[in-house]
Amino acid sequence: MLEALKEKVYRANMELPEFGLVVYTWGNVSAIDRESGLVAIKPSGVDYATMKPEDMVIVDLEGKVVEGKLRPSSDTPTHLELYKAFSGVGGIVHTHSSWATSWAQAGRGIPCYGTTHADYFYGEIPCARVLTKEEVESAYEKHTGTVIIEAFEGRDPMATPGALCTSHGPFTWGKDAAEAVHNAVVLEEVAKMATRTEMLNPKIGPAIQYVQDKHYFRKHGANAYYGQK
């Protein structure tokens, strides 16, 4: 079932250690088939060195396992909440990459300090609020998704395809699993650059808005002209 999707999700998961975004089993990638409403996701706690495409688990949008011998990622409910709320999302990544996670542990969103950030993320990358004790105890992973969704009220999640979860780490997304991984790699680099920027100039403010706009919209939207057609 959904063999091509499972292969894509497997390959996307294998890029996480390749790009230094995960240690041991600290991460997961999923992708959704919108026609069937089914999601392929990494199995929980399985080592990347031994993982195979057939190990990917298929679940429905309520979290029921449709196919697979292994348990799906413990973060599956977070992924499902995002798929249900963000209709343009086709793939999701969660890591504990060190620079982005440092911002999450500080409880801070990442301001747009320069054009590298602006090329991929429109405006500040938000940091979702702290979960309440009741949210953690009742359905922790589900509520991790709902606070991300809450952080995007009034914002386009496809224009800023990522968020930080306070005391936890980053989630990124894209039109498919490969793009979600790409955004996770960029987010980690942006977090690193932002940290160094504040070290060099603690009084720095965000990049001028018209510069941010220029860099974002030359790559995105109807009038984009970056790259090849």
Side-chain angles (χ1 to χ4, degrees), residues 4-32 39-53 55-57 72-76 78-79 82-83 86 89-106 108-110 112-122 124-127 144 148 157-165 168-197 215-216 219-220 226-227:
L5 188 67
K6 287 194 288 188
E7 177 70 28
K8 290 177 181 177
V9 170
Y10 165 75
R11 291 186 180 279
N13 271 287
M14 295 305 290
E15 286 191 300
L16 300 185
E18 179 183 340
F19 284 103
L21 298 183
V22 300
V23 176
Y24 297 119
T25 62
W26 302 358
N28 44 74
V29 182
S30 72
I32 187 170
V39 173
I41 193 165
K42 178 184 177 289
S44 180
V46 173
D47 195 301
Y48 290 92
T50 60
M51 195 167 62
K52 303 179 293 295
D55 293 331
M56 301 302 104
V57 184
S73 168
S74 58
D75 294 305
T76 297
T78 308
H79 290 238
L82 297 179
Y83 284 127
F86 301 157
V89 171
I92 296 171
V93 173
H94 172 51
T95 75
H96 291 257
S97 58
S98 59
W99 291 95
T101 298
S102 297
W103 283 79
Q105 291 181 168
R108 290 188 58 191
I110 305 176
C112 181
Y113 287 134
T115 62
T116 309
H117 180 134
D119 281 339
Y120 289 88
F121 299 92
Y122 191 60
E124 179 174 287
I125 299 164
C127 187
T144 298
I148 293 174
M158 301 310 290
T160 308
L164 308 176
C165 293
H168 188 175
F171 282 82
T172 59
W173 48 84
K175 67 179 185 296
D176 54 26
E179 185 174 271
V181 172
H182 189 102
N183 289 334
V185 173
V186 174
L187 173 59
E188 179 67 356
E189 289 301 307
V190 165
K192 185 190 302 183
M193 292 176 186
T195 304
R196 290 170 172 167
T197 298
H215 272 261
Y216 183 80
K219 294 188 74 170
H220 306 273
Y226 176 90

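Throughout, numbering of the chain's residues begins at 1 and tracks the sequence.
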(request) I would like to know whether Asn28 and Ser73 meet side chain to side chain donor-acceptor pair (under 3.5 Å); could you show each step before the answer? (result) CA-CA 7 Å; Asn28 44 74; Ser73 168; 3.2 Å; yes
(request) Check the pair Leu187 / Asn183 against side-chain contact (heavy atoms from CB on, under 4.5 Å), numbers first and verdict last. (result) CA-CA 6 Å; Leu187 173 59; Asn183 289 334; over 6 Å; no
(request) Start with the C-alpha distance between Val9 and Ile41, add both sets of side-chain angles, then the distance that settles side-chain contact (heavy atoms from CB on, under 4.5 Å), and finish with yes or no. (result) CA-CA 7 Å; Val9 170; Ile41 193 165; 5.7 Å; no
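For the ring-ring contact (aromatic ring centres under 6.0 Å, His included) test, no residue two or more places apart in sequence or in another chain qualifies with His79.
Between Leu82 and Val89, every side-chain heavy-atom pair lies at or beyond the 4.5 Å cut-off. Side-chain contact between Met193 and Thr116: present, with at least one pair of heavy atoms (C-beta onward) separated by less than 4.5 Å. Two residues are said to be in side-chain contact when any heavy atoms from C-beta on lie closer than 4.5 Å; Glu124 and Cys112 fail this criterion. Annotation: side chain of His182 is not in contact with side chain of Val185 (no heavy-atom distance under 4.5 Å). In this structure, Ile125 and His117 have side chains that are in contact, with non-hydrogen atoms separated by less than 4.5 Å.
The aromatic rings of His96 and His168 sit tilted relative to each other, their planes meeting at an angle between 30° and 60°. Taking the six-membered ring where the residue is Trp, Phe86 and Trp173 present tilted rings, their angle falling between 30° and 60°.
Cation-pi contact between Lys219 and Tyr120: present, with separation from the ring centre below 6.0 Å and deviation from the ring axis of at most 45°.
No more than 12 heavy atoms of other residues, nucleotides or ligands shown are found within 6.0 angstrom of NZ on Lys8.
We find that Glu7 and Arg11 are joined by a salt bridge, their nearest charged nitrogen and carboxylate oxygen being less than 4.0 Å apart.
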